[in-house]
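Values below: all heavy atoms of this structure, side chains included; hydrogens, waters and symmetry mates excluded.
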Amino acid sequence: MSVRKLKPITPGQRFRVVNGYDAITTDKPEKSLLAPKKRTGGRNNQGKMTMRYKGGGHKKRYRIIDFKRDKQGIPATVASIEYDPNRTAFIALLNYQDGEKRYVIAQNGLQVGQNIVSGEKVAPEIGNAMPLSDIPLGTIISCIELRPGQGAVMARSAGSFAQLMARDGKFATVKLPSGEVRMILVNCMATIGAVSNSDHQLLVGGKAGRSRWLGRRPRTRPVVMNPVDHPMGGGEGRSSGGHPRSRKGLPAKGYRTRSKTKASNKYIVERRKK
């Protein structure tokens, strides 16, 4: 993993920091695992804009990722580590012994030619997926299920990882990337190791155009709007907007929006750090 700082031969490259892509082994995706990806531009099925600041961007095709890792007991060889435009992490192409091919989220340190497997009673090695009941305590894990058979929903982005802290009965205690400590059923699957591309947080776009390539349109600050458009708008000159709040008037920056009666509250041992 490495990043490169470009020579400032143009204004846009002066502050640009790009990924070295050392871990990437091919630039051609597996055709059988591609699907079309239609852009919405933030519009719903009636053409009404429901999400602002979205639009444009480079054309993409979706890579079908195996988040469930339900092909158990069948070893697979890592054929390549690839870039995925739909996520921050890199993905790995697996060739299973029965001939099937699947994409999975690549873990840090996963190498081409390495054999990985998912299922119960497998070795706790990088890339292997197994139930929380079989993973040794203290292990760094990622791509964690929240309900058995649901597929990975937590710790999936570049460089993120969780840690298995304890087990008690049918629940395991896991420390999540946000700092939250939470109980999860021990028959939920997780993958050994941290997610790849940990240098993603060091990247610098360098120019506004790169945000447009990624499909992000310019965002208007609430303070410069008119009172009719936002609670923080209005005022003479450069007056700041009073109490920070959302467009609908809900307080932001510290205001707790989580319901006190939410059913999953009983599974949270320790709230995330502020």
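- Looking at M165 and L137, their side chains never come closer than 4.5 Å, going by heavy atoms from C-beta outward.
- In plain terms, the two heavy atoms of G169 and V186 that are nearest each other are O-CG1, 4.1 Å.
- In this structure, a donor-acceptor pair under 3.5 Å is present between the side chains of N115 and T77.
- Rounded to the nearest 0.5 Å, atoms CD1 (I91) and CD1 (I105) are 7.5 Å apart.
- R245 places no side-chain N or O within 3.5 Å of a backbone atom of M232 that could act as its donor or acceptor partner.
- Atoms CZ and CD1, from R167 and I184 in turn, are 12.5 Å apart once rounded to the nearest 0.5 Å.
- In this structure K28 satisfies the salt bridge (charged side-chain N to carboxylate O under 4.0 Å, His left out) test with no other residue, sequence neighbours excluded.
- In the hydrophobic clustering of ILVMFWY residues, with side-chain heavy atoms under 4.5 Å counting as a link, L185 and V181 come out together.
- Note: the hydrophobic cluster containing V195 does not contain V112 (ILVMFWY, side chain heavy atoms under 4.5 Å, direct or indirect links).
- For the atom pair K68 NZ and D66 CG, the distance stands at 9.0 Å (nearest 0.5 Å).
- Atom CZ of R4 sits in a sparse spot, with 12 or fewer heavy atoms from other residues, nucleotides or ligands closer than 6.0 Å.
- Judged by distance alone, with hydrogens and angles left aside, the side-chain atoms of S178 form no donor-acceptor pair with the main-chain N or O of R272 at under 3.5 Å.
- The pair K71-D98 meets the salt-bridge criterion, with a side-chain N (NZ, NE, NH1 or NH2) lying under 4.0 Å from an Asp/Glu carboxylate O.
- Taken from CE in M130 to CD in E125, the straight-line distance is 9.5 Å, to the nearest 0.5 Å.
- The CE atom of M154 lies 8.5 Å from the CD atom of E180; values are rounded to the nearest 0.5 Å.
- Summarising the geometry of P231 relative to R247, their closest heavy-atom pair is CD-O, 3.5 Å, with the distance given to 0.1 Å.
- Under the 3.5 Å distance criterion, the side-chain polar atoms of Q114 are left unmatched by any main-chain donor or acceptor of G127.
- Within 6.0 Å of atom CZ in R258, more than 12 heavy atoms from other residues, nucleotides or ligands are found, so the atom counts as buried in its surroundings.
- Counting all heavy atoms, side chain and backbone alike, N197 lies closest to T88 at ND2-O, 2.7 Å.
- Remark: Y83 pairs with Y21 by the ring-ring contact (aromatic ring centres under 6.0 Å, His included) rule, at least two apart or across chains.
- Neither side chain, R16 nor T10, offers a donor N or O lying under 3.5 Å from an acceptor on the other.
- Not a single donor-acceptor pair under 3.5 Å links the side chain of Q72 to the backbone N or O of S118.
- At distances below 3.5 Å, not a single donor-acceptor pair connects side-chain atoms of N44 with backbone N or O atoms of M51.
- Under the 4.5 Å side-chain criterion, counting only non-hydrogen atoms from C-beta, R52 is not in contact with T220.
- N128 pairs with exactly one of I116, I135, D134, T191 by the side chain to side chain contact (heavy atoms under 4.5 Å, CB included) rule, that one being I116.
- Of all the heavy atoms in V122 and A129, the pair that sits closest is CG2-O, 4.1 Å.
- With sequence neighbours excluded, the residues forming a ring-ring contact (aromatic ring centres under 6.0 Å, His included) with Y267 are F171, listed by chain and number.
- In terms of hydrophobic clustering, with Ile, Leu, Val, Met, Phe, Trp and Tyr side chains grouped at heavy-atom distances under 4.5 Å, F161 and L146 are assigned to different clusters.
- For S80 and E82, the side-chain atoms include at least one donor-acceptor pair closer than 3.5 Å.
- Between the R156 side chain and the A152 main chain, a donor and an acceptor come within less than 3.5 Å of each other.
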